[in-house]
Every structure is written in C-alpha cells, then in structure tokens.
Peer 1: 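My structure is below; once you've seen it, I'll send some questions.
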Amino acid sequence: MPKKSLADLPASAFADGVTVVRFDLNTPLENGSVADDTRLRAVLPTLAALHGLEARCVLLSHLGRPGGQPAPGLSLRPVAERLSELSGRRVEFVPAVEGPELEAAALGLGPGEALLAENTRFLPGETTNDPALAGSWAGLGSVYVNDAFGAAHRAHASTEGVARAVRSKGGTAVAGPLMERELRFLGEVTSEPARPFVAVLGGAKISGKIDVVEALLERVDRLIIGGAMANTFFLALGLETGNSLVEEDRVPLARTLLERAGDRLMLPIDVRVADALSDAATVRDVERAHVGPSDVIGDIGPRSVRLFTEALAGARTVLWNGPMGVFEMANFAAGTVELARGVADATSAGALTVVGGGDSAAAVRAAGVEERISHVSTGGGASLEFLAGASLPGVEALSDRED
Ligand code: ADP
Ligand code: 3PG
Ligand code: MG
C-alpha cells in the first residue's frame, strides 16, 4: 500500500508543535569527527524542505551499536556539527535522547529550526521497540517523518514504534524525500526493470545474501557473481580455490543455483591471486582452473573484467551489490574499480543503474563515479532486505496514502 510522503502534507501541518524526523546518520567517526559524510549529505534536501515548511524539527538517529547504554565515542555531537556546516544552518545538539531536557529544547525551537537529539541507541528501549520510549517522542508533536531508509529494516522505537504511536494519537507518519527516492529506485529495479536486466553480486559471503541471490535469479536476464562469493561457486564446479575465503557448507546451495540459473549465471573466468591477502603481496592473474593450493583469490582477473563490462554494456537496468575483490587493498582493487566504471558507462548509455550495499557504495566513491550512477543507495542491510523481497517495518508503520 502506498505510503504518505512529506509532499502530501500541507504547510499548515507544521504550524503547531514539533516535527519528529528520523534520519540514518550512522556514519563512521575517526578521532571524534565524521569520516564519511555521505549519509549526512543525503539528507540535506530533506532538511532544506523542512526549513522551507517552517517546521520545528527534532532529529533522531542511531550511531553504531552501543548496546542500550551511553558510549562517549558514539555521541552524535560531531554529527550535529558536521550537519550544521554542510547545511549552512545551525543544527543544535541536545545531549538527551528523550525526557525533560529534550522537551524543553524542542519547545525553544523557532519556525524552520532543527535540533539533533543524542544517539537513540543509548537507551535499551530503542532496539526493544519500547512503547514508552516511542510514546515520549510521539508526545512531542503530531507529524513524524521517517527519512532513515538505512534503518528501515529495523523495528525499533524511533523507526517503527514512534510511527505507530503518532498515528494512534491522530497524527501523521510520512516518508521523507530520501526514503521515497530509495523506494522508487529500488522498487523500479525489483518490479518492472527495463530489459536486459543485469545484476552483479559480490562481496564476502553467499550466506549473507542467499535470499537476494534467489530473489534476483527469478528476475534477471543475467546474474554476474564475483568477489569471495564466486569462490564457493568455484568449489561447486570442482575447482581448486587454495586458501581463498570459501563457505564449504554452501557448496550444495551453489550447485543448485548453478543448475537453476543455467547460462544466465556468469562467474569469473580468471582471478587475481597472491600468497596472502595483504597490501604488500605480489599478485598474479591466472585462469580460474589454474589456482594453486597455496594461492588466495583476492580479485577477479582482467579477462573477467572485460567479460563482465561487456555484459553491462548492453543492459538497460543494472543492479550492483558487493565488491569484486578486496578493494580496500590497492593490489586487489582493479576488478571492483573497473566494474564501477562499467556500471557508470552503462548509465551513460541509457541504463538505469542502482548500487546497494555499504562497501559497494564506498567502492563507487573510491572509483570516482558516484555522480555517474542513477542511484547509490544509502542502505546496507535495508537495501539487501528490500531486494530480497522483505517488507521494511519502518515503512510499513507509516500512514497509508488513503488514510
Ligand atoms: P556490501 O557492503 O557492498 O554489501 P559485503 O559486505 O558483502 O558488500 O562485502 C564486502 C567485503 O567483501 C569487502 O570487505 C571485501 O574485502 C570482501 N571481499 C570481496 N572479495 C573478496 C575475496 N576474494 N576474498 C576476501 N574478501 C573479499
Ligand atoms: C546501517 O549502517 O546499515 C544502518 O545504519 C543500520 O545499522 P545497524 O545494522 O546497526 O542496525
Ligand atoms: Mg558490507
């Protein structure tokens, strides 16, 4: 059922009371400041829209996994500072998650102003979806905006509980612009993709993405598998994988998938190997049948890069999730960087291209092609669950358009 969005609300909805906004500002910190501001930049249009509506905003987010108690290294204070710099408007930090201090600060907000509360996961009730905690946020106002796509797969107090609590007291819970954009692009890929539809999966493990592989297999014209995920398929083909990362217990699954997929499934034909996965290792490119017992596979080889980018060249829809190798190390980055360029070139040739997954998004940025991808999702786990066909509790809890 379609959900209400921010654009469905009249400006008068923001005239009285506070608007509670959930963002996913879960961002890596280094030495007390934001190390990657991608998720912050992604919510700037939403902040600008709320400012334009003269909303008084209490912003909520989690950061890391503090386990229900305060952790000084996981305070959102540096995030508020960065958000103020990026938006050009002060986002006041309030060192309280809920309660009188937050309420007082919220009451002091003027039209168009925003404050950021402390990390929601500093309280145990966040992840247990405690109705009392959700109710305390719902008590702040009658409009709730969920723009935290990256956390939409979590049924937590600040994502699911608060939406239901706001609605049960007669208020409205809507999707923010970033949430809408994510659902639109990922929805387009999963529902009616223009064909040929080529999906590329990679990364560390099949086990984390089985549901995605199975869901996509039914829908794609071509499924390309690289990264360590491919190694388990190599085992299923009876090939030597040396000391590479493999999941022995998933070999039967890989065999079944190979049979079901037929020639729709494409694996690397050559690989980049070394004695160890290290920055200093000397690498060799070998045919996949020539991996030695003491080799470790760290990347796809150059012939595979050509094969995969050729498959991308004819695509009209491309979905990419999971790096082709250990792209964090320069000597194993080429396959992932070339693939990112291939996806960007497909966009230029008219394809709709979508990249999901935290590491894949980082790889796209590292390759310098972020602007040349139709949509780079801000969701890691959330985008995988969506692609596997799961419904997202943070979205389900929002007001229906007909309400
Ligand atoms: P995403 O976050 O995009 O969903 P994953 O988390 O599934 O991606 O996988 C990313 C990780 O997979 C990276 O840290 C990368 O180093 C690792 N990886 C990719 N290929 C290999 C390989 N051949 N051997 C070991 N690790 C690999
Ligand atoms: C993410 O980074 O994937 C989201 O912020 C969700 O974080 P979580 O996996 O700790 O719930
Ligand atoms: Mg990852």
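Numbers here are sequence positions counted from 1. Just so you know, these numbers come straight off a predicted model, no measurement behind them. Note: hydrogens, waters and symmetry copies are ignored here, and every other heavy atom, side chains too, is used. One-based numbering, in listed order, for ligands and for the atoms of each.
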Peer 1: Using non-hydrogen atoms of the residue, decide whether Gly325 is closer than 4.0 angstrom to ligand 1.
Peer 2: yes
Peer 1: Looking only at non-hydrogen atoms, find the nearest pair between Arg264 and Asp221 and report the distance.
Peer 2: CG-O, 3.1 Å
Peer 1: Provide, to 0.1 Å, the distance between atom 6 (O) of ligand 1 and the closest protein heavy atom, together with that atom's residue and name.
Peer 2: Asp359 OD2, 3.0 Å
Peer 1: Identify, for atom 1 (C) of ligand 2, the protein heavy atom at the shortest distance, and state residue, atom and that distance.
Peer 2: Arg39 NH2, 3.5 Å
Peer 1: My understanding is that only one of Leu216, Val343, Val200 makes a side chain to side chain contact (heavy atoms under 4.5 Å, CB included) with Leu319; could you say which?
Peer 2: Leu216
Peer 1: Once you round to the nearest 0.5 Å, how far does CG of Asp147 lie from CG of Leu60?
Peer 2: 12.5 Å
Peer 1: Quick one: nearest non-hydrogen protein atom to atom 12 (O) of ligand 1, plus distance?
Peer 2: Ala204 N, 3.1 Å
Peer 1: When rounded to the nearest 0.5 angstrom, what is the spacing between CE in Met266 and CD1 in Ile224?
Peer 2: 5.5 Å
Peer 1: Whether the Asp270 and Ser304 side chains hold a donor-acceptor pair (N or O, under 3.5 Å, no angle test) is what I'd like checked.
Peer 2: yes
Peer 1: Can you label the angle between the His375 ring and the Phe185 ring as parallel, tilted or perpendicular, going by 30° and 60°?
Peer 2: parallel
Peer 1: Report yes if some heavy atom in the side chain of Val79 is under 4.5 Å from a heavy atom in the side chain of Leu116; otherwise report no.
Peer 2: yes
Peer 1: Say you draw a straight line from CE of Met229 to CE of Met324; how long is it, rounded to the nearest 0.5 Å?
Peer 2: 8.5 Å
Peer 1: Assess, by modelled atom type and distance only, whether the side chains of Ser399 and Thr172 contain a donor and an acceptor separated by less than 3.5 Å.
Peer 2: no
Peer 1: Return the residue, atom name and 0.1 Å-rounded distance of the protein heavy atom closest to atom 22 (C) of ligand 1.
Peer 2: Ala228 CB, 3.5 Å
Peer 1: Any side-chain donor-acceptor pair under 3.5 Å between Ser374 and Thr347?
Peer 2: no
Peer 1: Looking at Asn26, which atoms of ligand 2 are within less than 4.0 Å of one of its heavy atoms?
Peer 2: 1 (C), 2 (O), 4 (C), 5 (O), 7 (O)
Peer 1: Which of the atoms in ligand 2, numbered in the order shown and given with their element, are less than 4.0 Å from a heavy-atom of Asp24?
Peer 2: 4 (C), 5 (O)
Peer 1: Distance under 4.0 Å to a non-hydrogen atom of Asn321: what atoms of ligand 1 satisfy this?
Peer 2: 4 (O)
Peer 1: Note the single closest protein heavy atom to atom 7 (O) of ligand 2, along with its residue, its atom name and the distance in Å.
Peer 2: His62 NE2, 3.3 Å
Peer 1: Does ligand 1 have any atom sitting under 4.0 Å from a heavy atom of Gly358?
Peer 2: yes
Peer 1: What I'd like to find out is whether the side chain of Ile300 reaches to under 4.5 Å of the side chain of Arg272, using heavy atoms alone.
Peer 2: no
Peer 1: Any idea which N/O/S atom from Asp359 gets closest to the Mg ion (ligand 3)?
Peer 2: OD2
Peer 1: Does the side chain of Arg121 come under 3.5 Å of the side chain of Thr127 through a donor N or O and an acceptor N or O?
Peer 2: no
Peer 1: Considering the heavy atoms of Arg121, write down every atom of ligand 2 situated less than 4.0 Å from one of them.
Peer 2: 8 (P), 10 (O), 11 (O)
Peer 1: Give the residue and atom name of whichever protein heavy atom lies nearest to atom 23 (N) of ligand 1, and the separation in Å to one decimal.
Peer 2: Ile297 O, 3.2 Å
Peer 1: Out of Gly335, Gly203, Gly379, who gets a non-hydrogen atom closest to atom 9 (O) of ligand 1?
Peer 2: Gly203
Peer 1: Yes or no: does Gly150 have any heavy atom under 4.0 Å from an atom of ligand 2?
Peer 2: yes
Peer 1: Can you report which non-hydrogen protein atom sits closest to atom 8 (P) of ligand 2, along with the distance?
Peer 2: Arg65 NH2, 3.5 Å
Peer 1: Below 3.5 Å, N or O to N or O, backbone or side chain included: is there any such pair between His153 and ligand 2?
Peer 2: no
Peer 1: Please list, in number order, the atoms of ligand 2 under 4.0 Å from a heavy atom of Arg154.
Peer 2: 8 (P), 9 (O), 11 (O)
Peer 1: Would you please say whether a donor-acceptor pair under 3.5 Å links the side chains of Ser377 and Glu182?
Peer 2: yes
Peer 1: Around atom 14 (O) of ligand 1, find the nearest protein heavy atom and jot down its residue, atom name and distance.
Peer 2: Glu328 OE2, 2.5 Å
Peer 1: Starting from atom 26 (N) of ligand 1, what is the nearest protein heavy atom, named by residue and atom, and what distance separates them?
Peer 2: Val326 CG2, 3.6 Å
Peer 1: Counting each atom of ligand 1 from 1 as listed, which ones have a heavy atom of Ser360 under 4.0 Å away?
Peer 2: 1 (P), 3 (O)
Peer 1: May I ask you to list the atoms of ligand 1 that are less than 4.0 angstrom from any heavy atom of Lys209?
Peer 2: 1 (P), 4 (O), 5 (P), 7 (O), 8 (O)
Peer 1: Checking side-chain polar atoms at under 3.5 Å, does Thr309 have a donor or acceptor matched by the opposite partner on Glu338?
Peer 2: no
Peer 1: At a non-hydrogen distance cut-off of under 4.0 Å, which region of His156 contacts ligand 2 (side chain, backbone, both, or neither)?
Peer 2: neither
Peer 1: Taking 4.0 angstrom as the limit and counting only heavy atoms of Pro323, give me the atoms of ligand 1 inside it, by number and element.
Peer 2: 3 (O), 8 (O), 9 (O), 10 (C)
